[in-house]
Amino acid sequence: MPADFLPSRADAPRTLWRGASLATMAPGKPWGWIEDGALLTEGARIAWVGAATELPARLRADDEIELPGGVLTPGLIDAHTHLVYGGHRAREFELRLQGATYEEISRAGGGIRSTVAATRAATDEELLRSALKRAQALMSEGVTTLEIKSGYGLSEHHEARCLRVARRVGERLPLTVRTSALAAHALPPEFEGRPDAYIAAILDWLPRWHAEGLVDAVDGFCENIAFSASQMQRVFDAARALGLPVKLHAEQLSDCGGSEMAAQYRALSCDHLEYLSPAGVQALAASGTVAMLLPGAFYFLREKQLPPVGALREAGVPMAIATDHNPGSSPTLSPLLMLNMACTLFRMTPEEALAGMTRHAAQALGLGHSHGQLSTGRQADFVHWAVDHPNELAYQFGHKPCQLRVHAGVPDAADLARIAPAPEF
């Protein structure tokens, strides 16, 4: 931890937070742990972090918040969600329990296509209202940064609607929102039997979405029920021409070689990866691409093929964790449950799981330089938890330990009043 702090800016209020231990999640020692820590925010950024006993004598603060013990961590980052959609797919859940596979349901016109129909039928305000409700549920468990994908519109007009709604979520809530254009999610009915024509249409749409400022990254679904690696290459070439980073749903149901192709484009992340091959592991390691693991979908679909966590760990591939909230294969709104599942189902350690929703999740969104750690100069996103140690966040499930959420240096007023009430006179 730096011994000094950033120089003061006259226009930025400085707040000193103390009274809790810190799990900074900075690399170098387990959890980036600081017993009895202190953190100074200056406006939206962190100006100093370290042990309370090492506070610089010349440090100036406009306000001081004494926390009632507990632990501060970076704000959680849910780096893979599909929050904007209409309807639900509870009936398909029943069908799967009766023996139908995800692939069979999809080929019969269910799955993504059924959500596309419901999404197209919903108004913008209906989509926004439901997305805000879902985002607020994630925020209640400590999320301060969120990725939202399109992918349930599958036309130029409806995909743009979904991306605009995603932008509005970030405008309406104290939340950093990154958008991913996932038009290459499934083949829409109007392009039945013409996947190459649909890919060509996406290539035509992307520049207009980019010009409108709707897209932070480009995603796709590379799978035998979706698009081939060669088709996704065309989309990635178009993204590269626009200066947009890419990511890919890959190796979820089979090994289609998508991860190796995406690594050639230095993708931000490859996601799911249950069927990732040894060659795919090495490709990710060489490219610096994050392995995005999604235990909610693994659990909900009752998959048996585990992602190769041990091989990823040995190769030094950063592993992120996300909810993958979507109506068909991971309808969860609990990031803390995903931490537990990452440990119990994927055999990750609690520290790996939390790094997967902080430091490595930031990297998966292209925010590794500014988010995901409690360190000087980064955005002041952090959470106060009513726990003695951060391993408790993965240990329990169904609890609500999030006591205070701070986004860009601004705490939730109701949370702050509850845990640090103003003195009575």
Side-chain angles (χ1 to χ4, degrees), residues 77-96 101-103 105-106 109-120 122 126-138 141 143 146-154 158-159 161-163 165-166 169 177-188 217 219-223 225-227 247-253 269-274 292-303 320-335 337-338 341-342 357 361 364-365:
I77 299 173
D78 197 352
H80 182 131
T81 83
H82 306 251
L83 281 196
V84 179
Y85 61 85
H88 63 79
R89 286 168 28 203
R91 175 56 182 154
E92 291 178 17
F93 177 58
E94 285 190 287
L95 291 174
R96 283 201 304 275
T101 68
Y102 183 81
E103 186 170 350
I105 291 170
S106 179
I112 293 170
R113 281 193 177 184
S114 64
T115 300
V116 169
T119 302
R120 291 179 175 183
E126 288 170 338
L127 292 174
L128 177 62
R129 187 162 52 248
S130 60
L132 287 171
K133 184 176 179 180
R134 295 169 191 134
Q136 287 167 329
L138 295 172
E141 290 200 358
V143 170
L146 185 66
E147 186 243 25
I148 301 178
K149 303 178 189 295
S150 65
Y152 292 126
L154 304 190
H158 290 293
E159 285 287 290
R161 288 176 62 220
C162 292
L163 290 167
V165 167
V169 170
V177 172
R178 304 288 284 181
T179 61
S180 292
L182 180 59
H185 195 196
L187 195 63
D219 200 347
F221 188 16
C222 184
E223 191 51 75
I225 61 171
F227 301 99
K247 52 181 62 181
L248 190 67
H249 291 57
E251 276 69 88
Q252 179 184 10
L253 306 174
S269 69
C270 281
D271 304 35
H272 288 290
L273 302 179
E274 281 87 341
M292 176 67 70
L293 306 181
L294 304 170
F298 177 89
Y299 163 81
F300 197 75
L301 296 177
R302 298 194 296 176
E303 295 290 348
I321 300 296
T323 64
D324 186 21
H325 175 82
N326 73 80
S329 64
S330 187
T332 181
L333 288 166
S334 176
L337 180 58
M338 297 305 97
M341 286 185 174
M357 270 201 164
L365 295 183

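Quick note: residue numbers are just sequence positions, from 1. Note: hydrogens, waters and symmetry copies are ignored here, and every other heavy atom, side chains too, is used.
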Check: Which atom pair, heavy atoms only, marks the closest approach of Thr115 to Pro327?
Finding: OG1-CG, 3.6 Å
Margin query: If I compare all heavy atoms of Ala122 with all of Glu126, which pair ends up nearest, and what's the gap?
Written below: CA-OE1, 3.3 Å
Next item on the list: Identify the two heavy atoms, one from Ala364 and one from Ser269, that lie closest to each other, and give their separation to 0.1 Å.
Entry: CB-CB, 4.1 Å
Margin query: Using side-chain heavy atoms (C-beta onward) and a distance below 4.5 Å, is Ser150 in contact with Val84?
Written below: no
Check: For the atom pair CD (Glu303) and NE2 (His272), what is the distance rounded to the nearest 0.5 Å?
Finding: 9.5 Å
Check: About how many Å separate CG of Leu301 and CG of Leu253, when rounded to the nearest 0.5 Å?
Finding: 7.5 Å
Check: What heavy-atom pair brings Leu182 and Glu159 nearest, and what distance separates the two atoms?
Finding: C-OE1, 3.7 Å
Check: Hey, what do you get for OH (Tyr299) to CG (Leu294), rounding to the nearest 0.5 Å?
Finding: 16.0 Å
Item checked: Side-chain heavy atoms of Ser114 within contact of Arg89, under 4.5 Å -> yes
Check: Roughly how far, to the nearest 0.5 Å, is the SG atom of Cys222 from the NE2 atom of His249?
Finding: 11.5 Å
Next item on the list: Can you spot which of Lys149, His80, His82 makes a side chain to side chain contact (heavy atoms under 4.5 Å, CB included) with Asn326?
Entry: His82
Notebook entry, point to check: When rounded to the nearest 0.5 angstrom, what distance separates CG in Asp324 from CG in Asp271?
Noted result: 8.0 Å
Margin query: Cation-pi check for Tyr85 against Arg134: NZ or CZ below 6.0 Å from the six-membered ring centre and within 45 degrees of the axis, yes or no?
Written below: yes
Check: If you round to the nearest 0.5 Å, how far is CG of Leu187 from CD1 of Ile112?
Finding: 11.0 Å
Check: Any side-chain heavy atom of His158 within less than 4.5 Å of one from Pro188?
Finding: no
Item checked: Minimum heavy-atom distance Leu146-Ala135, with the two atoms named -> CD2-CB, 4.2 Å
Item checked: Qualifying residues under side-chain hydrogen bond (donor to acceptor under 3.5 Å, both in side chains), relative to Asp78, sequence neighbours excluded -> Thr323
Next item on the list: List in chain and number order the residues that pass side-chain hydrogen bond (donor to acceptor under 3.5 Å, both in side chains) with Thr332, two or more places apart in sequence or in another chain; answer none if no residue qualifies.
Entry: none
Item checked: Heavy-atom side-chain proximity of Glu147 to Met292 below 4.5 angstrom -> no
Notebook entry, point to check: Taking only residues two or more places apart in sequence or in another chain, which ones pass side-chain hydrogen bond (donor to acceptor under 3.5 Å, both in side chains) with His185?
Noted result: none
Check: Can you list the steps and then say if Val169 with Leu83 is a side chain to side chain contact (heavy atoms under 4.5 Å, CB included)?
Finding: CA-CA 10 Å; Val169 170; Leu83 281 196; 5.6 Å; no
Checklist line | Which atom of Arg120 lies closest to which atom of Gly153, heavy atoms considered | finding: NE-O, 2.8 Å
